[in-house]
Amino acid sequence: MTMLKAKHQRLVLVVIALVVLIGAGLLAAWGLRSEANYFYTPSQIVADPPEKTRLVRLGGMVQTGSIAQQADGVSIRFVVSDGEASMPVQFTGIVPDLFVENSGVVAEGRMGDGTFMAETLLAKHDENYVPRELQEMTEHQAQQVVAETTGGSPE
Amino acid sequence: MHGFANPRRFLAIARWLTPALLISGLVLTAGATWWGLTQVPPDRLMGETVRILFIHVPAAWLGMGGWTAIALSSIALLVWRHPLAAIAARASAAPGMVFTAVCLATGSIWGRPTWGTWWVWDGRLTSMLVLLFLYAGYIALAQASAREGVSQRIPAIFALVGAINIPIINRSVVWWNSLHQPPSLTVGKSAIDPAYLWPLLIAVLGYSLLFGGVVLARMRALLADMQADARLRRKAMETA
């Protein structure tokens, strides 16, 4: 009987310790909420513009039909949007394979006059894994691909 | 619970379960790898690089699963003083660390062509790297306390503290903006086309069976080691 009691005592101790630990972990994660973001969304940038000298990351979706090749041949301009706000971005260089319209992008750079001047461009893959063959796609995704391939991708 | 507490009974089960898990795990893993590398169609955006999914995702799950096993064994050790719990925890550490390293390496190789970078310090990647360091710390601590003969409770407490990182890894892509994608598989919902989902699930099952087999084999080795030690000590006492 005393054995059982000691066992229960240890169980209660471990449970209390776990609750405290998880609570501390969640509190820490909560405290990091705005600090541990890898990038700012266009809404955050519009609401609280960073200083022009500060290197920041801007993340969001590349707006459909917004990618435009510039006259110099190596620069592109496009619009990053998060559904609420949008931000024009300029970038010079080679873009990653997954940089396409209506897909996620993270641009690192500095805020210019109304345009975000990106120095590096990273593509973000979403959670969807779909084969290239149209017949195997769901209707919604198939429409999306049709829109992507006929909507005037950058040449 | 205490049915398995008896090391002799455990050894009798482990003797046939170890090869059964290893062989079935190898067969399923080989099958899923062949399926993933040669049979699935290229992804609409990533193309052929989607094939790394079938090693990256099982490795990530088992990296996290390994620490979960260590934490659960540690609770069994702390609360019930389960004689096999410390051995199970020690045996799970190295395979868990290997899978975590495989996850980080394959993720990095995958990130270069798809994202355009080998590494970024976003929430998911950083918390996974922390897990790798936690494994290294745990292995050093567990080995030191086993060698010095001090309490196995110290690594067990370390394992429980480190377990906070597991929900953080899991939620990192939801709580924070990250370059890593959000979860594709959530309860009752899959954003992965069946063409990829089936080989992925078989790969996860296969690697999990392999993991179980390796843990059992290591537990048997650790038990044999302890038995040999005890026998040597007894011999030394007799001759003294």
Side-chain angles (χ1 to χ4, degrees), chain A residues 6-15 17-18 21-26 28-30 32-41 44 57 59-60 94-100 103-106 108 120-134 136-138 141-142 144-145 148, chain B residues 40-47 49-50 53 71 74-75 78-81 110-117 120-127 156-157 160-168 171-173 175-186 189-197 200:
Chain A
K7 206 192 290 179
H8 280 175
Q9 220 168 23
R10 292 197 296 267
L11 182 62
V12 168
L13 256 172
V14 167
V15 167
L18 273 181
L21 279 172
I22 290 168
L26 290 179
W30 179 264
L32 280 171
R33 259 185 107 74
S34 57
E35 302 299 323
N37 282 330
Y38 185 65
F39 54 80
Y40 295 115
T41 60
Q44 286 166 327
R57 294 192 201 94
I94 298 164
V95 299
D97 286 356
L98 255 65
F99 178 78
V100 288
S103 180
V105 69
V106 176
E108 190 172 38
T120 53
L121 215 55
L122 299 177
K124 188 172 148 84
H125 186 257
D126 63 10
E127 67 272 30
N128 297 305
Y129 289 81
V130 181
R132 224 167 244 164
E133 288 81 5
L134 273 171
E136 286 186 42
M137 292 182 182
T138 62
Q141 284 158 335
Q144 197 176 318
V145 167
E148 269 169 19
Chain B
V40 302
D43 178 79
R44 80 199 144 107
L45 292 176
M46 288 190 288
T49 51
V50 71
L53 180 78
S74 298
I75 292 175
L78 291 171
V79 176
W80 291 283
R81 302 271 157 90
W110 205 2
R112 186 65 192 84
T114 49
W115 297 339
T117 181
V120 290
W121 292 101
D122 84 343
R124 172 59 65 87
L125 278 65
T126 308
S127 55
I157 291 166
L160 288 188
V161 175
I164 305 173
N165 195 32
I166 297 299
I168 291 179
R171 296 285 90 192
S172 56
V173 288
W175 286 342
W176 306 310
N177 298 330
S178 62
L179 188 60
H180 191 281
Q181 62 158 83
S184 289
L185 297 173
T186 42
K189 193 178 147 284
S190 162
I192 302 181
D193 188 273
Y196 304 122
L197 186 62
L200 177 62

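These figures come from a predicted structure and were not determined experimentally. We name chains A, B, ... by the order of the sequence lines, and we start the count at 1 in each one.
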Item to check | Residue, of A:G104, A:A17, A:P96, that accumulates the most heavy atom pairs under 4.5 Å with chain B | outcome: A:P96

Item to check | Non-hydrogen atoms of B:S127 and B:R124 that approach each other most closely | outcome: OG-O, 3.1 Å

Checklist outcome for this item: So, the part of B:P183 with a heavy atom under 4.5 Å from chain A: the answer is backbone

Next on the checklist: Taking side chain as everything from C-beta outward and backbone as N, CA, C, O, which of these in B:V40 sits under 4.5 Å from a heavy atom of chain A? Side chain, backbone, both or neither.
Outcome noted: neither

Item to check | Proximal component of B:I157, with respect to chain A [non-hydrogen, under 4.5 Å] | outcome: neither

Next on the checklist: Donor-acceptor pair, distance only, cut-off 3.5 Å: does the side chain of A:K124 make one with the backbone of B:S178?
Outcome noted: yes

Next on the checklist: Can you tell me how far apart CG (A:D126) and CG (B:L45) are? Round to the nearest 0.5 Å.
Outcome noted: 7.0 Å

Next on the checklist: With heavy-atom distances below 4.5 Å as the criterion, would you say the side chains of B:Y196 and B:D43 are in contact?
Outcome noted: yes

Checklist entry - Where on A:L21 is there a heavy atom nearer than 4.5 Å to chain B: the side chain, the backbone, both, or neither? => result both

Next on the checklist: Could you go through A:F39 and A:Q44, starting from their C-alpha distance and side-chain angles, then the distance that decides it, and tell me whether this counts as side-chain contact (heavy atoms from CB on, under 4.5 Å)?
Outcome noted: CA-CA 10 Å; A:F39 54 80; A:Q44 286 166 327; over 6 Å; no

Checklist entry - By a 4.5 Å heavy-atom criterion (distance strictly below it), what part of A:L121 contacts chain B: side chain, backbone, both, or neither? => result backbone

Item to check | Inter-residue atom distance A:R57.CZ - B:N177.CG, 0.5 Å rounding | outcome: 11.5 Å

Item to check | B:V50 versus chain A, the contacting section by heavy-atom distance below 4.5 Å | outcome: side chain

